[in-house]
Amino acid sequence: MLPDQPFDLSATLQSGQTFHWHAWEGGWLGSIGDDPVWVRQTAGGLEIIPQGMEEKVRGYFALDHDVVAMMRSFPAGDVPLATALAFCPGLRILRQPLWECLATFITSSLKQVPHIRKISLTLRERFGVELPTVMEGAPKLYGYPTPQALAEAGEGALWECGLGYRAAFLHRAAVDLAAGRVDAAMLAGQSDDEARATLMQLHGVGEKIANCVLLFACERLAAFPIDVWIERVLHQLYFARKRRRTAEQIRKFAARHFGPYAGYAQQFLFHHARLTKLRPGASDASRGPAGQLLRPAP
DNA sequence: TTTCAGGTGATTG
DNA sequence: CAATCACCTGAA
């Protein structure tokens, strides 16, 4: 199984799209929907356990995405983007199950990655189904709990998973999805703007989370989630020395400048920034054109 | 002990 | 519209 385009399994799984995979035996153990799987990247391609998961792995990791075509579609003179892309061309935008992605990002607000991961794993363990073992001695895996399971569990039980005020958001969303107010088929028939509006009808889902879901679960590759990090990156790289832009201005800039694969551009920029400029002790080579280290606002 | 973190919704000018 | 604020929790 050999992708014909650049692919970096580890980087993709650590790029803030999904939070439930375990590093295990030189590869990654996790689940695609309710199918447990272990994947290791080697020089020759991907090693997958168990057999029979090849197509699901291809779909989940979007190995059919044409990264080369995306590169060509990006603005030719955009040096920061070209730099970020060259830093890790193997990043992929995953095709995640809708509810799993939606629910996970609802629990992500004002949380750091380890917290999001912890909450996600706790919810799985308490309310999800245990999945079959694919590797001896490995951590137990659980599917993401269904909307019905979380709706029935009740807000109080969710609160006890350390969600805080997010428990109410997640519970209401679970109830709404269990009632069929939003589903993948409905979103599939809608334009990006319509689908975004549909998602934002859910309590606790604002523009940022809606865009994450569109991008990471609905294959809307033009969706451009703007969180505090990407906002800083854009300011540093594209709006240097200019006054602060509104979210609306940033959104319009991203759509116009990056085009139909804006979501991928966002992912490349985000990943590059997190692993270089935003880290303490980052080298000069990783600094932006302005020559300043990017830091969180004081 | 205080601050802050991968947002959202409600409330003000 | 845009700015401001509260909000659970956990880690630095």
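Heavy-atom basis, side chains included; hydrogens, waters and symmetry copies ignored. Each chain gets a letter, A, B and so on, in the order its sequence line appears, and its residues count up from 1. Please read these numbers as outputs of a predicted model, since none were measured by experiment.
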| message | Can you say whether a donor on the side chain of A/Y165 sits under 3.5 Å from an acceptor on the base of B/dG9, or the other way round? | response | no
Dot-bracket assigned to DNA chain C with the 3.5 Å Watson-Crick/G-U criterion, [ ] for crossing and | for other-strand pairs, is |||||||.||||
P gap between B/dG6 and C/dA2, integer Å: 25 Å
In whole angstroms, the gap separating C1' of B/dG6 from NE2 of A/H272 amounts to 19 Å
Heavy-atom nearest nucleotide on DNA chain B taken for A/L202 and for A/H115; more 5' hit belongs to A/H115
Does the side chain of A/H203 come under 3.5 Å of the side chain of A/D176 through a donor N or O and an acceptor N or O? no
**Asked** C/dC8 and B/dT11: how far apart are their P atoms, nearest whole angstrom?
**Response** 15 Å
*asked:* In this structure, is the centre-to-centre distance between the rings of A/Y238 and A/F258 below 6.0 Å?
replied: yes
*So, is A/W159 close to the C/dT9 phosphate, meaning a side-chain N or O under 4.0 Å from OP1 or OP2?*
yes
Margin query: Looking at the base of B/dT8, is there any donor atom on it, or on the side chain of A/K208, that sits under 3.5 Å from an acceptor on the other one?
Written below: no
Taking C/dC8, B/dG9, B/dG7 as options, the one with an atom nearest any side-chain atom of A/H203 is B/dG9
d(A/D192 CG, A/N211 CG) to nearest 0.5 Å is 9.0 Å
Looking only at B/dA10, B/dG6, C/dA11, the nucleotide nearest the A/K118 side chain is C/dA11
Interatomic distance, OG@A/S109 vs CG@A/D227, rounded to 0.5 Å, equals 12.0 Å
Rounded to whole Å, the CD-P distance (A/Q266 to B/dG6) equals 14 Å
Notebook entry, point to check: Have A/Q17 and A/T12 got a donor and an acceptor in their side chains that come within less than 3.5 Å?
Noted result: no
Of C/dC8, C/dG10, B/dG7, the nucleotide closest to the side chain of A/R166 is C/dC8
Result for 5'-nearest mapping on DNA chain C, choosing between A/P114 and A/S109, is A/S109
When A/V205 and A/Q267 are each assigned the nearest nucleotide of DNA chain B, the 5'-most assignment goes to A/Q267
Considering only heavy side-chain atoms of A/Q112, the closest of B/dA5, B/dG7, C/dT9 is B/dA5
When rounded to the nearest 0.5 Å, the distance separating CH2 of A/W28 from OG of A/S10 is 5.5 Å
A/K111 atom NZ is separated from C/dC7 atom C1', nearest whole Å, by 11 Å
Picking from C/dA2, B/dG6, C/dC7, the nucleotide nearest the side-chain atoms of A/L110 would be C/dC7
One thing to verify: whether A/R124 and A/E100 come together as a salt bridge, which I'm taking to mean a side-chain N less than 4.0 angstrom from a carboxylate O. yes
Between CZ of A/R251 and C1' of C/dC1 the distance, given in whole Å, is 14 Å
